[in-house]
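As structure tokens, the structure follows; a few thoughts come after it.
Letters go in sequence order (proteins before strands), and every chain restarts at 1. From a predicted model like this one, the values you see are computed outputs, not experimental measurements.
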Amino acid sequence: MKLPLAYYQQPDVVAIARDLVGKYLFTRIDGVLTGGRIVETEAYAHIDDQACHSHLGRFTKRTRVMYEAGGVAYVYLIYGRYALFNIITNVAGKADAVLIRGLEPTEGIAEMQLRRGLTTAAKNLTAGPGLLTQALGIQVSHYGTDLSGDLIWLEDHQEVVPAADIVASPRVGIDYAGADAALPWRFRIKGNPWTSPAK
DNA sequence: CTAAGGATTAACT
DNA sequence: GTTAATCCTTAGT
């Protein structure tokens, strides 16, 4: 079943990030259903987290939707090329977010290959935050998309991922965040090949 | 291992 | 108004 808005509005973004591992992410963009199982996430908290774009209450064009109530998409461009997909959580005014870093494809694999410009079944089809957005057709124009709608949404398939199979580790690529870089707020399924290639 | 790439932002004039 | 630095990465040597 589709996750309700109330799910995203829970206060503990780290708990949500951990719980999202094993859930499913789908998009229906250009009328084509694509999606898969979430195997890697990272939590970003509003306050006390310098790695978060919204830290210290910065309120700009880019971070605007982070302050909305949980349940919208925060898509932004990194390194001029790649769109990263985040889910805004918590209530309005608390700019918490969960970054989706890895997806195990289950639906619309042929379409995903097409979007990636591949002719063969690549094993890195959706392994990486910039790749899964390409595969699912998510672009920066989807900034602010309501996740209770029919364009981008998440589903709970009642799958239980054993706690022992979920590993927590420091987040990736955020050395600039100082001491906060050590927080174990990255969650992934142990040994899953679709987790991101980044260190 | 490195190079590329464009938006964003802070720091200037 | 402009410039320079930075970035939650990937693809290609």
To the nearest Å, how far apart are [X] [atom1] and [N] [atom2]?
X      : N      : atom1 : atom2 : answer
A/Y76  : C/dT6  : OH    : C1'   : 12 Å
A/K123 : C/dA11 : NZ    : P     : 13 Å
A/F85  : C/dT9  : CZ    : P     : 16 Å
A/L99  : C/dC8  : CG    : C1'   : 5 Å
A/L131 : C/dT10 : CG    : C1'   : 7 Å
A/L132 : C/dT10 : CG    : C1'   : 13 Å
A/M66  : B/dT8  : CE    : P     : 14 Å
A/I78  : C/dC8  : CD1   : P     : 5 Å

Considering only [options], which nucleotide approaches the side chain of [X] most closely?
X      : options               : value
A/R116 : C/dT10, C/dA11, C/dC7 : C/dA11
A/Y79  : B/dG5, C/dT10, C/dC8  : B/dG5
A/R81  : B/dG5, C/dT10, B/dA7  : B/dG5

Exercise. Side chains of A/E159 and A/Y24: do they bring a donor and an acceptor to under 3.5 Å?
Worked result: yes
Exercise. So which nucleotide does B/dG6 pair with, by the Watson-Crick or G-U wobble rule with both distances under 3.5 Å?
Worked result: C/dC7
Exercise. Any idea how A/Y74 and A/Y143 line up, ring-wise: parallel (<30°), tilted (30 to 60°), or perpendicular (>60°)?
Worked result: perpendicular
Exercise. Is there side-chain contact between A/T133 and A/Q139, with heavy atoms separated by less than 4.5 Å?
Worked result: no
For this session: Kindly say whether A/R37 contributes a backbone atom to a donor-acceptor pair with the side chain of A/E104 at under 3.5 angstrom?
Result: no
